[in-house]
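Keep in mind that what you see is a predicted model, and the values were worked out from it rather than measured. First the proteins, then the strands, lettered A, B, ... as listed; each starts at 1.
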2 protein chains.
Amino acid sequence: MSAARRPDRDATRPVYVISVAATLVSAHPRTLRIYEDEGLVSPARTPTNIRLYSEEDIRRILWIRHLTRDRGVNLAGVRVLFELEERLGKRILEVLYVEGTRGRDDGPREPAGPEDGPASPGR
Amino acid sequence: MSAARRPDRDATRPVYVISVAATLVSAHPRTLRIYEDEGLVSPARTPTNIRLYSEEDIRRILWIRHLTRDRGVNLAGVRVLFELEERLGKRILEVLYVEGTRGRDDGPREPAGPEDGPASPGR
DNA sequence: CCTATCTTGACAACGTCATTGTCAGGGTTC
DNA sequence: GAACCCTGACAATGACGTTGTCAAGATAGG
């Protein structure tokens, strides 16, 4: 599983409908719609207006979940952080994970995000 | 010394007691103590345990006020932002102000760099 | 000495927020 | 036709930010 190296399996490819996406991030569909209303994530839409989340969208949402649940940051804070990330180039948040995983064993392993390991939520 | 031109006017010099500091940032003394409990600011203390805020402390607090009141960020978010700033070296927050002046010109001249700029919140 | 201000700790009120949940009326998918 | 999606609304729950006060004691300055 998780063998995604096919070119056609782009992480930006919209594939998950909201119920699946919600399951993937352990949140209520309602919550995902709220994130979208708040401008924190922008899933693609089918020609008939159905939301489709890509792998990147999922990762971005996992960032939001991490920041809000583990760090106690509210959505306004998440917005500022994303805004900052967008302005300062890329992954500045990744720096947080190094500390977020508490424990000083400088393991070169992946920051171990909520699940797969966060990658910059570039939209 | 490599210090500023005037040791007497060092921005790190502790001078304001809590009531004065509270007035300067338009907050209740209680609020400043909370900021300290949250580890967001660390004013110096006299040998007899009285809090003394420096100009830098004041600026740091003004940042907190701006982020919380104008941006809606909670204290947990402020903590993450400060942490990020500390880790990424310099004033990353300053970037926010460039955009912060967009939309509503709330331009809080106080917090940002009316004098020297955010001057990394230091500790 | 006296009075104002400081200290910590507790408790509370007020408004806001994050999240989940549901109900409605209607469209889409298979 | 059943299961899912859409938007919009309303609400409950728990937590947070800020201000405010009360207490009992230490400190500063005239």
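- For D:dC6, one of the phosphate oxygens OP1 or OP2 lies less than 4.0 angstrom from a side-chain nitrogen or oxygen of A:Arg51.
- Checking side-chain atoms of A:Thr46 against main-chain N and O of A:Ile50 turns up a donor-acceptor pair under 3.5 Å.
- Between A:Leu84 and B:Ile92, the closest heavy-atom pair is CD1-O, 3.6 Å.
- One interatomic measurement links the two molecules: CG of B:Asp37 to P of D:dC16, which rounds to 15 Å at whole-angstrom precision.
- Under a 3.5 Å cut-off, the side chain of A:Thr31 and the backbone N or O of A:Ala27 do not form any donor-acceptor pair.
- Using a cutoff of 4.0 Å between basic side-chain nitrogens and carboxylate oxygens, A:Glu36 and A:Arg60 are not scored as salt-bridged.
- Within a 6.0 Å radius of CZ in A:Arg69, no more than 12 heavy atoms belonging to other residues, nucleotides or ligands are found.
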Please test A:Leu32 against A:Val41 for side-chain contact (heavy atoms from CB on, under 4.5 Å), starting from the C-alpha separation and ending with a verdict. CA-CA 8 Å; A:Leu32 299 194; A:Val41 63; over 6 Å; no
With sugar-phosphate taken as primed atoms, P, OP1 and OP2 and all else as base, the protein-contact string of nucleotides 17-23 of chain C at under 4.0 Å (heavy atoms; B, S, -) is -SBBBB-
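- A:Trp63 and A:Leu93 make their closest contact through CH2-O, 3.5 Å (heavy atoms, listed as atom of the first residue, atom of the second, distance).
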Output one letter per nucleotide in nucleotides 22-30 of chain D: B when a protein non-hydrogen atom lies under 4.0 Å from the base, S when only the sugar-phosphate is that close, - when neither is. -----SS--
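- Spacing between atom CZ of A:Arg33 and atom C1' of D:dC10 amounts to 15 Å, rounded to whole angstrom units.
- Across the protein-nucleic acid pair, B:His66 atom NE2 and D:dG17 atom P stand 17 Å apart, rounded to whole Å.
- For A:Glu38 and A:Arg79, the salt-bridge test passes: some basic side-chain N is under 4.0 Å from an acidic carboxylate O.
- For the OP1/OP2 pair of D:dT7 and a distance below 4.0 Å, the side-chain nitrogens and oxygens of A:Arg45 include at least one atom meeting the criterion.
- Taking atom CG on A:Asn49 and atom C1' on D:dC4, their separation rounds to 14 Å, with Å as the unit.
- Rounded to an integer number of Å, the gap from B:Ile18 CD1 to D:dT19 P is 12 Å.
- We find that CG of B:Leu40 is positioned 14 Å from C1' of D:dC16, with the value rounded to whole Å.
- With salt bridges taken as basic N to acidic carboxylate O contacts below 4.0 Å, one links B:Arg71 and A:Glu83.
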